[in-house]
Structure formats: structure tokens, C-alpha cells
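In listed order, ligands and their atoms are each counted from 1. Since the model is a prediction, treat every value here as computed from it, not as a measurement. One is the number of the first residue; the rest follow in order along the sequence.
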Amino acid sequence: MRRLFTHIATLAGILPEGILRKQGAEMDQVGTLENAWLLTDGGRIAAFGRAGEPLPCGADGAPLQPDETVDCAGGLLMPAFCDSHTHIVYAGSREGEFLDKINGLSYEQIAARGGGILNSADRLHETSEDELFAQALERVQEMTAKGTGALEIKSGYGLNPADELKMLRVIDRLKKATPALVKSTFLGAHAVGRGYTHDAYVQAVCDMIPEAARTADFVDVFCDEGFFTVEDTARILAAGKAAGLRPKIHANELAESGGVQVGVRFNALSVDHLERTGAAEIEALRGTETMPTMLPGSSFFLGIPYGRAKEFIAEGLGIALASDYNPGSSPSGDMRFVMALGCIRMRLTPAQAFNAVTLNSAYAMGVSAETGSITPGKRADLILTHPGWNLTKIPYLHHTPFIRKVYIRGNAM
Ligand code: NIG
Ligand code: FE
């Protein structure tokens, strides 16, 4: 199937092949082309050009003929969002805790009363695998409708071997059930499971890893005050490494936990949250392959500080933004809202926020060679906007509908 998009006012996010992430001043750059067309073929970006320029030729030397033409009518065409950090396999919701929060309890206080992650673990235990899958698939569909073409999903509401593996099977089914690109992360160390001592649970997580690694792509640990220590994290990441799992970890949400440093030590693909960081974290990240990933949706929902993205960029680092979609700290998978928070609350420029929610978020889950930019050969994961939209209006008019159509692997959603 070949699809030709014509009358594109601005094609945004153009990138030469082989660039996997942006850092520092590169984050201000967005490749664009005005008055453009774009051709997809077999779910991939085949070519693009300026209106009037000819389509590429096929093997027979004649210009390729599209099977279908989409008149973009002066809309913006951009890569779909990439969301490198979610927890969307969960059962039901936690709206009771939402009321506790309104009444003044903090995330830590709610967790200490048996709420939080353990509350979700209890519900998940009671919920069948099919029901969990159905609920999670609905969330994936909600996210794709809002423009997300690739996402990472974590376990971590099982907290015992049987339920963690149940979650990973659900994520594996989601990989096959959605055209979106899905990556899977084993987050057994999200909280200490019921019935375990802390140390026994850390050992249990290490023991779960070989089985988890059959389907999981990454390993994660909630390395933060009141959850898992740097030493626990190092043990679990070492077990993950032995099973071939690269880390993507939760760090520095509740305290300057040392999570960034231990993540970097294990060559983490990303260290996520980073609401509380200082100069030491920036130094630890400099010159590494680790993508600092900030989750402004949880800062917004919990009322905690936003990550210091501007400083990271000024120091030459890259930044990814992700939704953290979960029932406790960020009950939204809307990456346009994440981009808006990046601009409004973290003072990123629209170009920086755009790179953070596309290419860099793809990098943070290891898929930036596949998606996250307008590059021939990449998946045709695209957002077509209504006429008159540009990269500044998207975060500025932060809740005005802007999407005309989302395409994943070249097909309309
Ligand atoms: O990324 N910080 C730890 N884990 C999740 C919250 C999970 C929950 O409360 O259910 C997060 O914010
Ligand atoms: Fe998270």
C-alpha cells in the first residue's frame, strides 16, 4: 500500500538517517519543509519533497504511483509522539486516593497507608489476564487516538512472580494487538510485594529476572527514598544485565536518591523522573549514552517540582519527555499535554519540547532508528493536524483539538 500525502503546509521533524538522539543546542533544531508531499510505502516513509518535485521512480524507471492520496489541505504533518515511560497495565482506577490527595495527603502518605502501588497490586491480583488486557488495550487506543505511535509499558503492579509474569504476558499480547510499537519493561522492583521482607523481595526480583527476560526488553527499579536503595538497585541491575536486559530506571522523584549515578554505572538507556537533581546528576550524565527523561505529568498531578530540563540542555545534555501514564501519579497518556507542560512549566521552547516527545523519547526506549522523525525508511507513524497549526500552537493552545488524523505504520487510526 502506497499513500501520498499532498498539500502539507509544513512537514516537521525531518532528520537525516542515523541520528538517534539530540543533545544540547541540537534540541533547538527541527528540520522542516514547506509546501511538501510525503510518500509512504508498506507502512514506511518512502520519500518526501517540495510540491511540484516529482515522485521517486520505481524499479521500472517510472514514477511510483500511489494507491491512495490524502489531501492534507494545509495541515502540518509530523512524527507521531513517542512515550517511553508508562504503566498502563493496571486494573480499575484509584479515584479514592484522588480524594485523599485533594484532602491533603502526599503520595508518600497515601502509599504508607497501604494505598498507592500496593493498592493497584491487590486489584491486579483479583483481575483476570483477559480483563487486564482489555483494559490496557483501551488505554493504548486512547493514546494512539491522541497521537502516540510508540510506547513503553512496565510491569510492577504484580509484585510476586505469578502476577509480574501475568503483567508481562499482557504487555506481550499488546505488542501483537496494536499497530503501535510497544516495548516492555520488567519493573518487579516497584514496591516490596505483600508478605515479603524488603531483602527477601529484592532477592525474589532477582530470581524473577530470567523468566521475565523471555519477553521483557528492559529492567527497571524504583530507586528512591522509601522504595529501593542504590545497593538494591545495583543488585537487580546486575541480574538484569546477566539476562541481557538494559536498565531504564525510576530515579530522583522523591529525593536525590543516587539513582541517576547507579543507572549510569549500568549504562541505563534512560533515567526517568529526575524531579530532584543537582550538579552531581548532570556531571554523572555527561558523555554517557543515558537519556535523562522527565515526566511533567507526574509533577503536575503530585504538585512536586518539575525537572530542571533547561539546565540539562544548557549543559549539553538531551532530554526526553514521557507521560508516566499510571493510576497513582499521572493518570493521563496525553503526550500533547506533556509537551505543553514542558513549554509552560519547564520553559522548554516548542522545538525542544517537540524533540523531547518524539526522537529523544524514541531513543529512551531504543526505537529511534525505527520511528520518531521524518526519515525515509522509518515507520510512517504520523500526525496530520488541521489546517493552520504549527509547532508553537500545539503546546500554546494546549487543549484545542489539533489532530485531524493519526497514521500508524502508514494506516489511519
Ligand atoms: O512513575 N514512581 C513510581 N511509580 C509510578 C507511580 C505508580 C503508582 O503510584 O501507581 C511513577 O510515578
Ligand atoms: Fe513511572
Is a donor from one side chain sitting under 3.5 angstrom from an acceptor on the other, for [X] and [Y]?
{"X": "Asp207", "Y": "Gln203", "result": "yes"}
{"X": "Ser323", "Y": "Asp83", "result": "yes"}
{"X": "Ser270", "Y": "Asp272", "result": "yes"}

Discussion item. If we set the cut-off at 4.0 Å for heavy atoms, which region of Tyr90 has an atom near ligand 1: side chain, backbone, both, or neither?
Written reply: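 The answer is neither; Tyr90 stays 4.0 Å or more away.
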Using side chain to side chain contact (heavy atoms under 4.5 Å, CB included), reason through Ile88 and Met143 one step at a time and then give a plain yes or no.
CA-CA 10 Å; Ile88 57 165; Met143 293 170 72; 4.1 Å; yes
Within ligand 1, which atoms have a heavy atom of [X] less than 4.0 Å away?
{"X": "Tyr157", "answer": "7 (C), 8 (C), 10 (O)"}
{"X": "Phe222", "answer": "2 (N), 3 (C)"}
{"X": "Asp324", "answer": "1 (O), 11 (C), 12 (O)"}
{"X": "His273", "answer": "1 (O), 2 (N), 11 (C), 12 (O)"}
{"X": "Arg94", "answer": "8 (C), 9 (O), 10 (O)"}
{"X": "His85", "answer": "1 (O)"}

Which protein non-hydrogen atom lies closest to [atom], naming both residue and atom, and how far is it?
{"atom": "atom 2 (N) of ligand 1", "value": "Glu253 OE1, 2.6 Å"}
{"atom": "atom 12 (O) of ligand 1", "value": "Ser329 OG, 2.5 Å"}
{"atom": "atom 5 (C) of ligand 1", "value": "His190 NE2, 3.6 Å"}

query: Taking atom NZ of Lys241 as the centre, does the number of heavy atoms from other residues, nucleotides or ligands within less than 6.0 Å exceed 12?
result: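 No, the 6.0 Å shell around NZ holds no more than 12 heavy atoms from other groups.
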I would like to know whether Val338 and Leu341 meet side chain to side chain contact (heavy atoms under 4.5 Å, CB included); could you show each step before the answer?
CA-CA 5 Å; Val338 168; Leu341 288 173; 5.7 Å; no
| Applying a strict 4.0 Å limit to heavy atoms, is Tyr107 in contact with ligand 1? |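 Contact present.
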So is Phe227 touching ligand 1 or not, going by heavy atoms under 4.0 Å?
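No; Phe227 lies far enough from ligand 1 that no heavy-atom distance drops under 4.0 Å.
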Q.
For Glu370, run the salt bridge (charged side-chain N to carboxylate O under 4.0 Å, His left out) check against Arg379, Arg409, Arg44, Lys183 and tell me which one passes.
A.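 Going through the options one by one, the only one that passes is Arg44.
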### Message
Considering both backbone and side-chain atoms of Ser298, is one of its nitrogen or oxygen atoms within less than 3.5 Å of a nitrogen or oxygen in ligand 1?
### Response
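No, since none of the N or O atoms of Ser298 sits under 3.5 Å from an N or O of ligand 1.
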### Message
What do you get for the angle at the Fe ion (ligand 2) between OD1 on Asp324 and NE2 on His87, to the nearest 10 degrees?
### Response
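That angle works out to 90° after rounding to 10°.
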Using 2.8 Å as the threshold, say whether any N, O or S atom from His273 sits that close to the Fe ion (ligand 2).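 False for His273.
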Verify, without hydrogens or angle tests, whether Asn160 (side chain) and Asp163 (backbone) share a donor-acceptor contact under 3.5 angstrom.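 Between the backbone of Asp163 and the side chain of Asn160 there is a qualifying donor-acceptor contact (under 3.5 Å).
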| request: Using the ring of Phe228 (Phe, Tyr or Trp, six-membered ring only), decide whether Arg235 places NZ or CZ under 6.0 Å from its centre and within 45 degrees of its axis. | output: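 So Arg235 doesn't make the cation-pi contact.
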Distance to the ring centre below 6.0 angstrom and angle to the axis at most 45 degrees; does that hold for Lys146 and Phe337?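 No, Lys146 does not sit over the ring of Phe337.
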